[in-house]
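Since the structure comes first, as structure tokens, the remarks are kept for the end.
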Amino acid sequence: MKKRILMLLAICMVCLSGVCLAAPSNGSVLNAEEKIVDKFIGSLSGAEEYAVISENFAPPLKKALTEAKFMELKRTVNTNLGASKGHKLALVQKFMDGDRIVFAGKFAKKDNVEMIFVFSTTEKQPLMLDFALKPVEPKVEQPAATPAE
């Protein structure tokens, strides 16, 4: 009886140590998508070349977002939001042929920016299909008006 309990305890310890020592990973596809997003957000406030960024664009996005439009986007983002001060992964939605990833970002001029990226996962490497940067203003509730007596 004691041997069985010790054996069960040993098996539990091995399983638990395997879980504790596992590297935190979001999966190879999600990791690749996060790297693409990091590079893209960095390029909006940095001097990253369009050719380097557009390598990760799907053909429809590459056609819609030309180098001239990308430079205009950079100017608009820098004017309205400022430089990026960081972002965190907030939501991942998996679909049959792609992913939708939402990041919560902070910029110099806006503290809360929702950044949405859509990726196609049908190729060997994920490709960005679309993106959106949306400043989020916290709702301020108005105090309820008291009826006049």
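Side-chain atoms are counted along with the backbone in the values below, which use heavy atoms only and exclude waters and symmetry mates. The structure presented is a predicted model; accordingly, all values stated were derived computationally and were not measured.
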Spatial distance of atom [atom1] ([X]) from atom [atom2] ([Y]) [nearest 0.5 Å]:
{"X": "Leu73", "Y": "Phe40", "atom1": "CG", "atom2": "CZ", "value": "5.5 Å"}
{"X": "His87", "Y": "Glu34", "atom1": "NE2", "atom2": "CD", "value": "8.0 Å"}
{"X": "Asp99", "Y": "Met128", "atom1": "CG", "atom2": "CE", "value": "12.5 Å"}

Same cluster or not: [X] versus [Y], using hydrophobic residues (I, L, V, M, F, W, Y) connected whenever any side-chain heavy atoms lie under 4.5 Å apart?
{"X": "Leu89", "Y": "Leu44", "answer": "yes"}
{"X": "Leu61", "Y": "Met71", "answer": "yes"}
{"X": "Val92", "Y": "Ile41", "answer": "yes"}

Which ILVMFWY residues can you reach from [X] by hopping between side chains whose heavy atoms are under 4.5 Å apart?
{"X": "Val52", "result": "none"}
{"X": "Leu91", "result": "Val102, Ile116"}
{"X": "Leu129", "result": "Val118"}

Self-check item: Residues forming a side-chain hydrogen bond (donor to acceptor under 3.5 Å, both in side chains) with Glu67, sequence neighbours excluded
Solution: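 Glu67 satisfies side-chain hydrogen bond (donor to acceptor under 3.5 Å, both in side chains) with no residue once adjacent residues are dropped.
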For this session: Not counting sequence neighbours, which residues clear side-chain hydrogen bond (donor to acceptor under 3.5 Å, both in side chains) with Ser120? List them please.
Result: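 With sequence neighbours excluded, Ser120 shows a side-chain hydrogen bond (donor to acceptor under 3.5 Å, both in side chains) to Thr122, given in chain and number order.
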Practice task
Measure up the Tyr50 and Phe57 rings against each other and bin them: parallel (under 30°), tilted (30 to 60°), perpendicular (over 60°).
Solution key: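 It falls in the perpendicular class, over 60°.
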Review point. Can a salt bridge be assigned to the pair Glu72 and Arg75 using a cut-off of 4.0 Å between side-chain N and carboxylate O?
Key: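 Between Arg75 and Glu72 there is a salt bridge, with a charged N closer than 4.0 Å to a carboxylate O.
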Salt bridge (Lys or Arg N to Asp or Glu O under 4.0 Å): which pairs involve residues 106-120, sequence neighbours left out?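 Non-adjacent pairs meeting salt bridge (Lys or Arg N to Asp or Glu O under 4.0 Å): Lys110-Glu137, Glu114-Lys134.
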